[in-house]
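Just so it is clear, the values below take in all heavy atoms, side chains as well, and ignore hydrogens, waters and symmetry mates.
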Amino acid sequence: MMDFRMNQAINKPFFSLPLCFVLGITLSGNVQANTPDPEQRELFRSTYALMKQGRTDKARPHFGALTNYPLYPWLEYEFFIRNNEETTDLTLLDFAARNPGSVMSDGIYEKLAGRMVAKQAWSRILDTLPDHTPLTSLQCIRLEAGINREQAAGNATATLQQARAFWRAADAALPAECNGMVALLEQQGLLTAEDYWQHIGLLIRNNQVTAARNLAGKLSADEQGLVDLWTRVRSDPKRNLEQAFKQTESPRLREIIVYGIQRAADKKLDTAIPLWARARKTFSFTPAEKGQVESNFGMWEAWRHDDRGLRRLEAIAPQYRTTDGNIWMARLALRSDKWQSVLDAITALENNPDTDDEESGRDIWQYWKARALSALGRADEARQTYEALAQDTTFYGFLAADRLNQDYARLKEPPPDRSQRIAGLKKLAVIQRWQEWIALGEPDMARKEWFRLLHEMDKEGMLAAAELASSFGDANLAIWTVSRTRDWNVVDLRFPMLYTDLIMEQSRNQGIRPEWVLGIMRRESAFNADAESSAKALGLMQLMPATARHVGKLLGIPVGGKADILKPETNVQLGSAYLSQMLNRFGGNYAQATAAYNAGPGRIPQWAPDKTIDADQWVESIPYRETRRYVRAVMAYTTIYEHKLQPDTDNRLSSHLKPVHPE
């Protein structure tokens, strides 16, 4: 069962008036509506628009005809929000209890919390507000209330420490509702100058410069000057490091200089190297600080496939080499068949994990650890490592299975029966609201309802919801829902079979594999035919308008504006033709052609090796993070779709990965 975690106080009966009684409306006891008719939908649309405009007097006469409509709670919500001062706490609590775990109840609880904080009703806050909420504002208010209640009882240690950890983990400015919690931490002396400095650094590194500057007011005048210098170094490292070099050495200043030199290297490595040489003559950097800068330099040299990067990274003591340094040391070493260095880098990565970033993920580096162990003659250890990966339906999971000559067992597993969970979901009012927002042509509101619902669910609930979304024809939503579980082995929901007739026709016309087209489409748009990226790529295969027009001209197909490119038939025809061009251009090498589709064909020669290397070595050493991940994903997706199109096939991912040759 789905647990909405409603507080016991909210489950108590209320002697309060729902909106139907406030407005003199009789509400049927059966709130489960039948399929609304078009007239009712249009009435809601116009009434809701009036409420959003604040024209309650014009909207109220229509409420009675909508009380059994699935979206009626949104009229109640707008009424309460716009008449907050006139609405009692009990009425708001009744509404929240009738619409638990929803976007609407979140808004209502924020209103209630504001009232209770003003009254310092700390126990009531803890007894009333849900303890499971996605809203930072409510989390802060609950922590503030917990501290105050514990202080009244003579012991607030536990909640104070929770609040301190919450504050320290925030990587963006906290909302105003958190001010009371922060003030209590300050009163107890739990936020020191060092805490503020570390938090300012976190904010600057996360591009929250305004929040960092605001927090600097908590520091001494001298340290405020250093924060100002830090933000200027961030903006223009080369110019402002000159000023930093003239100041008196301190740990704070060294931190700014280390940050600034790395920032300069991120812009242009050749600028940063002489700046670092100057800094080292003036300041006494710690081994850890040197490790940060040298790791950054080595990373950028490795990014350019420059052997100096490997030498630089190998020279750093493992305990001081950063995660990025270890990753790029491994990448450049594996590209060069220097397997002991690969193993050394991965061992250091395992011993010093400091990030949850996907690029330091288990499957990637366990696979390369096994490759290194095998190359170094440690076959038994390599096999054990491959075995742990071979059950995963990922790029490296498939390659591990290939190394062991094992079947892709998960691709043959039948999907689980989720019918019982799905039946329960269909009864939820939030699902009915989701359907109605879709029927009204309001996908953004529908998704707000949907993703708020997911916050209340366990993994199996989310997978059932994904299957429900798929059954309603929204494969894109199903895919995004499964992604919340981070279970990449849910093949039945993550890889729907859509547009297959169109894809089979166009792949046949272009002489390319249909499963490759499906893999590209799945990665590019997740089957959202209306997808438009921030770069203006369009449609199922995310075609740039200039590329679409160019390919259309070659095919004799007139391509006008956006509407033409978004048409699935046109989009797939043009995208398949472009894929065919890339495959021919790169001699039938699917990894390179896939990379070209993402990054552009002009970049592929720049990434050519000095000697022939295996495709997996080439893919993992692609400099661009997006393209590297893209190629891994598309080749794995292509393998999955190949087995969906041909269930009896024994084809392997590695059979489609040709070696990559020098230019």
Handout entry: Pair D616 + R371, salt bridge at N-O below 4.0 Å
Key = yes
Practice task
Side-chain contact test, heavy atoms from C-beta onward, threshold under 4.5 Å: evaluate it for R628 versus R331 and give yes or no.
Solution key: yes
Problem - Crowding at CG, D610 (>12 non-hydrogen neighbours, <6.0 Å) - result: no
Problem - No-hydrogen, no-angle side-chain donor-acceptor test under 3.5 Å, D266 and W300 - result: yes
Exercise for the section: Taking the side chain as every heavy atom from C-beta outward, state whether L653 and D402 have any atom pair closer than 4.5 Å. Expected result: yes
Exercise for the section: Assign the ring pair Y597 / Y578 to parallel, tilted or perpendicular, where the plane angle (0 to 90°) is split at 30° and 60°. Expected result: tilted
Practice task
Could you check if a side-chain atom of S576 sits within less than 4.5 angstrom of a side-chain atom of I512, using non-hydrogen atoms only?
Solution key: yes
Problem - Sidechain-backbone polar pair: N528 side chain, N476 backbone, donor-acceptor under 3.5 Å - result: no
Problem - Flag side-chain contact, heavy atom, 4.5 Å: S483 against W488 - result: yes
Problem - K644, NZ atom: more than 12 neighbouring heavy atoms under 6.0 Å - result: yes
Exercise for the section: Could you check whether the rings of W607 and Y624 sit parallel, tilted or perpendicular, using 30° and 60° as the cut-offs? Expected result: perpendicular
Practice task
Verify whether one side chain among D417 and S419 offers a donor that lies under 3.5 Å from an acceptor in the other.
Solution key: yes
Problem - Residue pairs, two or more places apart or on separate chains, that pass salt bridge (Lys or Arg N to Asp or Glu O under 4.0 Å) and touch residues 267-278 - result: E242-R278
Handout entry: Evaluation steps, ring-ring contact (aromatic ring centres under 6.0 Å, His included), between W434 and F472
Key = CA-CA 11 Å; W434 167 69; F472 277 98; 5.4 Å; yes
Problem - Short N-O contact, R418 and D492, less than 4.0 angstrom - result: yes
Problem - Side-chain (T481) to main-chain (L477) donor-acceptor, under 3.5 angstrom - result: yes
Problem - Within 6.0 angstrom of M504 CE, more than 12 heavy atoms from elsewhere - result: no
Practice task
Test R321 against every option in I327, L349, D344, N326 by the side chain to side chain contact (heavy atoms under 4.5 Å, CB included) rule and name the one that passes.
Solution key: N326
Exercise for the section: Any chance you could lay out the salt bridge (charged side-chain N to carboxylate O under 4.0 Å, His left out) test for R421 and E467, step after step, and finish with the verdict? Expected result: CA-CA 10 Å; R421 294 295 294 264; E467 186 168 334; over 6 Å; no
Problem - Test ring-ring contact (aromatic ring centres under 6.0 Å, His included) applied to W276 and F285, step by step - result: CA-CA 11 Å; W276 179 231; F285 293 99; 4.9 Å; yes
Problem - E301 with R312: basic N within carboxylate O range, under 4.0 Å - result: yes
Practice task
Please confirm whether the backbone N or O of A302 pairs with a side-chain atom of D306, one donor and one acceptor, at under 3.5 Å?
Solution key: no
Exercise for the section: State whether D474 and R447 are salt-bridged, where the test is any N-O pair (Lys NZ or Arg NE/NH1/NH2 against Asp/Glu carboxylate O) under 4.0 Å. Expected result: yes
Exercise for the section: Determine whether the side chains of R234 and N207 contain a donor N or O and an acceptor N or O closer than 3.5 Å. Expected result: yes
Practice task
Go through the side-chain N and O atoms of T570 and D564 and say whether any donor and acceptor fall under 3.5 Å apart.
Solution key: no
Exercise for the section: Taking the side chain as every heavy atom from C-beta outward, state whether R522 and V634 have any pair of such atoms under 4.5 Å apart. Expected result: no
Practice task
Decide whether H305 and Q606 meet the rule of one side-chain donor and one side-chain acceptor closer than 3.5 Å.
Solution key: no
Handout entry: N571 (side chain) donor-acceptor with L538 (main chain) under 3.5 angstrom
Key = yes
Exercise for the section: Using a cut-off of 6.0 Å, state whether more than 12 heavy atoms not belonging to R308 lie near its atom CZ. Expected result: no
Handout entry: salt_bridge(K567, E569) N-O dist < 4.0 Å
Key = no
Practice task
Report, as yes or no, whether the 6.0 Å neighbourhood of atom CH2 on W339 holds more than 12 heavy atoms from other residues, nucleotides or ligands.
Solution key: yes
Handout entry: Sub-4.5 Å side-chain heavy-atom contact between Q391 and Q406
Key = yes
Practice task
May I ask you to decide whether K611 forms a salt bridge with D337, counting only side-chain N to carboxylate O separations under 4.0 Å?
Solution key: yes
Handout entry: Check: E350/Q366 side-chain N/O donor and acceptor closer than 3.5 Å
Key = yes
Problem - Note: R632-E620 ion pair, threshold 4.0 Å (strictly below) - result: yes
Practice task
Tell me whether the centres of the aromatic rings in Y396 and W365 are closer together than 6.0 Å.
Solution key: no
Exercise for the section: Return yes if a side-chain donor-acceptor contact under 3.5 Å exists between E314 and S341, otherwise no. Expected result: yes
Problem - Polar side chain donor-acceptor pair, Q208 to D171, under 3.5 angstrom - result: no
Problem - Beyond-backbone contact of V482 with D487, side-chain heavy atoms, under 4.5 angstrom - result: no
Problem - Non-hydrogen side-chain atoms of F395 and L657 separated by less than 4.5 Å - result: yes
Exercise for the section: Only pairs at least two apart or in different chains count here, so list each ring pair (Phe, Tyr, Trp, His ring centres under 6.0 Å) that has a residue in residues 492-543. Expected result: F495-Y637, F495-Y641, W516-Y590
